Amino acid sequence: MPRHWLFKTEPDAFSIDDLQRVGREEWSGVRSFQARNIMREMKLGDLGFFYHSSIQPPGIVGVCEVVAEAHPDSTQFDRKSEYWDPSSGRANPKWWCVDVGFVRKLPRMIPLDELRTIPALAYMPLLRRGQRLSVQPVTPQEWALILALVASEKSG
DNA sequence: GCCAACGTTGGC
DNA sequence: GCCAACGTTGGC
């Protein structure tokens with residue numbers, strides 16, 4: 001039974017269309033211990049919502065899949081990367097990440113505002129005031145409820 | 001090991 | 001561009 005997750009990204013940097021184009025992507029650059037620990041829990045085949053942040057409107061735009069379990073984030077060792085972390089070493093890497101693969105776009109974006117109107121989703125970290133986790137767990141109930149919002153709509 | 005200052009996130 | 005929230009850092 002796969003577990004479910006949510007991946008936030010700024011579409012200017014990496015969007016669902018980008019993921020569709022490249023097929024899979026190392027989810028590198030996450031520099032939060034909490035988010036790192038969440039990624040370490042992910043298993044091959046787990047599904048995730050793909051969420052666009054820092055645009056108007058923000059919302060869930062697609063579904064992705066964990067295609068590689070947590071491994072050291074390559075950007076932490078790359079001096080030329082903005083995510084280079086001189087305090088981390090290959091013998092004991094500080095930052096870990098999964099790879100995500102494209103599954104599908106939703107028939108339409110589900111805006112954050114719409115998610116807020118559903119009481120059963122009120123405990124999602126995404127909707128909690130001040131919660132800024134870039135990678136989050138999603139319960140099976142939340143997963144089913146959100147997909148049901150667009151289930152009857154035509155795929156686009 | 002406390003806690004104030006700082007930096008980042010991300011909706012608005 | 002603003003600013004609330006909150007994780008991290010660093011002085012002590």
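Because the structure is predicted, anything quoted here is derived from the model rather than measured. Hydrogens, waters and symmetry mates are skipped; everything else that's a heavy atom, side chains included, is used.
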Return yes if some donor-acceptor pair links the side-chain N/O of A:N37 with the main-chain N/O of A:F33 below 3.5 Å, else return no. yes
Just how far, in rounded Å, is P of B:dG10 from CZ of A:R31? 15 Å
If I take atom CD in residue A:Q56 and atom C1' in nucleotide B:dC12, what distance separates them, rounded to the nearest angstrom? 7 Å
Students often mix this up, so state it plainly: with edges at 30° and 60°, are the rings of A:F49 and A:W143 parallel, tilted or perpendicular? parallel
Determine whether A:K94 and A:D85 satisfy the following criterion, side-chain contact (heavy atoms from CB on, under 4.5 Å), listing intermediate values before the conclusion. CA-CA 9 Å; A:K94 191 186 279 186; A:D85 184 349; 3.6 Å; yes
Parallel, tilted or perpendicular, judged at 30° and 60°: which one describes the rings of A:F50 and A:F14? tilted
Quick test: give all pairs of protein nitrogen or oxygen and nucleotides 3-9 of chain B nitrogen or oxygen below 3.5 Å, distance rounded to 0.1 Å.
residue, atom, partner, partner atom, Å
B:dT8, O2, A:R132, NH1, 2.7

Checking side-chain polar atoms at under 3.5 Å, does A:T75 have a donor or acceptor matched by the opposite partner on A:D78? no
Determine, step by step, whether A:F102 and A:R24 satisfy the side-chain contact (heavy atoms from CB on, under 4.5 Å) criterion, reporting the C-alpha distance in whole Å, the side-chain angles of both residues, the deciding distance to 0.1 Å, and the verdict. CA-CA 6 Å; A:F102 178 81; A:R24 61 185 284 161; over 6 Å; no
Quick one, A:R31 and A:Q76 - any side-chain contact, counting heavy atoms below 4.5 Å? yes
Round to the nearest Å and state the distance from A:L127 atom CG to B:dG10 atom C1'. 14 Å
Computed from five pairs at either end and rounded to 10 degrees, the angle between the axes of the helix from B:dG1-C:dC12 to B:dC12-C:dG1 is 10°
Tell me what A:R116 touches on the nucleic acid: a base, only sugar-phosphate, or nothing, going by heavy atoms under 4.0 Å. sugar-phosphate
Within 45° of the axis and under 6.0 Å from the centre of the six-membered ring of A:Y123, does NZ or CZ of A:R128 qualify? no
